[in-house]
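Lettering of chains follows the sequences in order, A, B, ..., and the numbering in each one begins at 1. Just so we're clear, the structure is a prediction, and the values are computed from it rather than from any experiment. As a basis for the values below, the full set of heavy atoms in this structure was taken, side chains included, without hydrogen atoms, waters or symmetry mates.
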Number of protein chains: 2
Amino acid sequence: MAVTLRDIAEKAGVHPSTVSRILHNNQTVKISEETRKQVIAIAEELDYQPNELARAFRLRKTQTIGLIIPDISNSFFSGISHSIEMQSYSAGYNLVVCNTNENSEKELKYVRNLINRGVDGLIIATCQNDEKYFLELARKKIPFVLVDRFFDNLDSNAVYSDNKQSAFRAVETLANLGHKRIGFLRGRSGLSTIKLRLQGYLDAINLLNLDHDPQLIAGDGFTVEDGYQATKSLLKLSAPPTALLTSGNRIVIGAMQTIKEFNLKLPDDLSIIAYTDNPYTPYLACPLTTISHPLAEMGEKAVDILMQKIHNPKDKATSRIEVGTKFSIRESIAALNR
Amino acid sequence: MAVTLRDIAEKAGVHPSTVSRILHNNQTVKISEETRKQVIAIAEELDYQPNELARAFRLRKTQTIGLIIPDISNSFFSGISHSIEMQSYSAGYNLVVCNTNENSEKELKYVRNLINRGVDGLIIATCQNDEKYFLELARKKIPFVLVDRFFDNLDSNAVYSDNKQSAFRAVETLANLGHKRIGFLRGRSGLSTIKLRLQGYLDAINLLNLDHDPQLIAGDGFTVEDGYQATKSLLKLSAPPTALLTSGNRIVIGAMQTIKEFNLKLPDDLSIIAYTDNPYTPYLACPLTTISHPLAEMGEKAVDILMQKIHNPKDKATSRIEVGTKFSIRESIAALNR
DNA sequence: GAAATGAATGCAATCGTTTGCATTTAGAAT
DNA sequence: ATTCTAAATGCAAACGATTGCATTCATTTC
């Protein structure tokens, strides 16, 4: 079996509590330099490894944070996750990663599960459509930070981006190129972030006198297939859009698939602005103009906030950070030539 | 505070052990239907949530597995991770994800850390250059499965692909198109998987009478920058290669960057076969011919094996599964025309 | 009617560590 | 020599759940 404090204590002829105080340097009590050295020597000799499970249980502190995201294989979330994991590691925390696959019940199960396992805090890219559940979570005093997806009317810690403005700007850019019929592959309609993007889209449509046609808003999911189908439905309209704004990493792949099938040429036949960059976009057949997120920054900020809250449990104030997106103009947009 | 077994026991007028037996249906002992129903009712009424930390401590079983990979933001690993997480969830396990960033000392720290925290098993895409460490790990009787990267001379559980054959086949394909000088952007040279790919590459070079020039083997890392620099060094040779085999997801992005800088045109000026597909490859300016891995399958198999080992600790046999890669021919290879 | 059986539940130790309080000991102060 | 102080360490309970064994009680068996 593993070496315990008791083993060391016996060998050193002291009490386990003394060993504990030495090895986890509890400053409140003084230990003679002599015994300290002896105990440390024996601990090394026996290659003592603390039972972190016992410590966590006793201290009610697991040094673990839970990360709940829709899909780790999506580069948007894996980018954020990487940053979160790095930052957690630096802070001495482990990271438990959970994929919800946009299933809100699974998300709730995970939250409960993680709490029962005593995580010290949670970072969540939620797929809930409303904030109800988080009120309850706040009551339980588990520190948590929402990332990317948040709720306007919930006063919680959150790190998110300028969804409304970025959508507005994208539509505006397309309008300036002469486009009047702009489709929006929005992704899951219930999400608050998507609602904000939709609002930015609609604001621009109204303000700039573009075609306001509900049929131009398509899709209700984030998969490649969703993007494929939604694009298909748009292109089949009697008056199809001349430009697209796509929301979500996978959707745009589906869109490209449809476009290929329809033998359309980007950007002459169709302009595209896509939410979220990735390392491949510059090398695509038609390099996409994108709205890109500072993934590393988002992850870092989320962990920073969470650590703040974990270390100052009394501090009831919430932190919300809006990060800016970057608008990378590439070749997928062109002036309308008809 | 949280509701405990004792709270339920008091309210029901029974002993905590009885509650424990009812709620975690220990079959060895019979409980009257009457008390069972009453206890369950009270547990629900109080919304009892078991303290999984206490259970894990007592049972020496955390229902957690550790996943150690180089980089979750790399689509290769995030694809595998997604599959592993899904499969773990189905089996009732949580997943702790750790990024080593190809730092072997960090990997060792993580392994130790996870063991101290009592994970029930480990899945590792190792960045160790040799198998030494794993011998020790095996001695500690922690079930573990190596994924993607493994050691020929270590008898451990492993899920990996046909590195040697796939590299051979790639070079052979290029040779059939008339290429004689084929560069290899190998990635981290110390890794056993890379050594196998190199062997496949060299076997083909020798067997097919291609140029055997050590200068054609370039790079020693997996980053975009590594790929960029390595490609640059190859293209600057007095006799540059006419085709490339690239190892690793990121490297090929660096290669494309260099190729752009040098104003070369794919595939006319240079043919490329790249290790590992991703959803974007079909839509690139020059859709890459790739050797792609069955990521979901690899993750599933790894978890399957691990569960086997966790549930049958006495079974000393090891499982090794070689999965096949898929060769997807796209437009990045062409016959040599000089 | 005594003994045996068996069902249902209680008891108490245990997992490894931590921590408030008690105890010991040595030296200083009176 | 007695009391006081402080430094160093020991003691024991506690965290919440589990489990082998003991106990109780009702029922069956001879």
Does D:dA17 have OP1 or OP2 under 4.0 Å away from a side-chain N or O of B:H24?
no
Calculate the interatomic distance between B:E52 atom CD and D:dA17 atom C1'; express it in whole Å.
10 Å
Please check the phosphate of D:dG16 (OP1 and OP2 only) for any side-chain N or O of B:S20 closer than 4.0 Å.
no
Taking atom C1' of D:dG16 as reference, at what distance in whole Å does atom CG of A:N116 sit?
13 Å
May I ask you to evaluate whether B:Y48 reaches the phosphate of D:dA17, defined as a side-chain N or O under 4.0 Å from OP1 or OP2?
yes
How is B:G118 classified with respect to the nucleic acid when contacts are heavy atoms under 4.0 Å: base, sugar-phosphate, or nothing?
nothing
Report which part of the nucleic acid B:L53 touches: base, sugar-phosphate, or nothing (heavy-atom distance under 4.0 Å, all strands).
nothing
Nearest-0.5 Å distance, CG of residue B:L46 to CG of residue B:D7:
7.0 Å
Do A:F76 and A:L295 come within less than 4.5 Å of each other through their side chains, counting heavy atoms only?
yes
How close or far is atom P of D:dG16 from atom CD1 of B:I8, stated in whole angstroms?
13 Å
Any N or O donor-acceptor pair linking the side chain of B:R58 to the base of C:dT14 at under 3.5 Å?
yes
Do any side-chain nitrogens or oxygens of A:T35 fall under 4.0 Å of OP1 or OP2 in D:dT9?
yes
Whole Å only: how far is the CG atom of B:L59 from the P atom of D:dA17?
11 Å
Taking any heavy-atom pair under 4.0 Å as a contact, classify A:T4: base, sugar-phosphate, or nothing.
sugar-phosphate
Which whole-number value in Å describes the distance from B:R36 CZ to C:dA7 P?
14 Å
Please report the distance, rounded to the nearest Å, between CZ in A:R6 and C1' in C:dT18.
13 Å
Whole-Å distance separating the CD1 atom of A:I22 from the P atom of D:dT9
7 Å
Taking the side chain as everything from C-beta on, heavy atoms only, tell me whether B:N94 gets closer than 4.5 Å to B:V96.
no
Is the aromatic ring centre of A:F57 closer than 5.5 Å to the centre of the six-membered base ring of D:dC15, with the two planes inclined by less than 30°?
yes
Whole-Å distance separating the NZ atom of B:K30 from the P atom of D:dG20
17 Å
Just call it for A:S17: base, sugar-phosphate, or nothing, with non-hydrogen atoms closer than 4.0 Å on any strand.
base
Would you say A:T18 places a side-chain N or O within less than 4.0 Å of OP1 or OP2 belonging to D:dG10?
yes
Measure from NZ or CZ of A:K109 to the centre of the six-membered ring of B:Y89 and say whether it is under 6.0 Å with the direction within 45° of the ring axis.
no
Between B:V14 and A:P16, which is nearer to the 5' end of DNA chain C once each is assigned its nearest nucleotide?
B:V14
Side-chain contact test, heavy atoms from C-beta onward, threshold under 4.5 Å: evaluate it for B:P50 versus B:L23 and give yes or no.
no
Base, sugar-phosphate alone, or nothing: which one does A:R60 contact when heavy atoms must sit under 4.0 Å apart?
sugar-phosphate
Looking at A:R112 and A:E136, is any side-chain nitrogen of the basic one under 4.0 Å from a carboxylate oxygen of the acidic one?
no
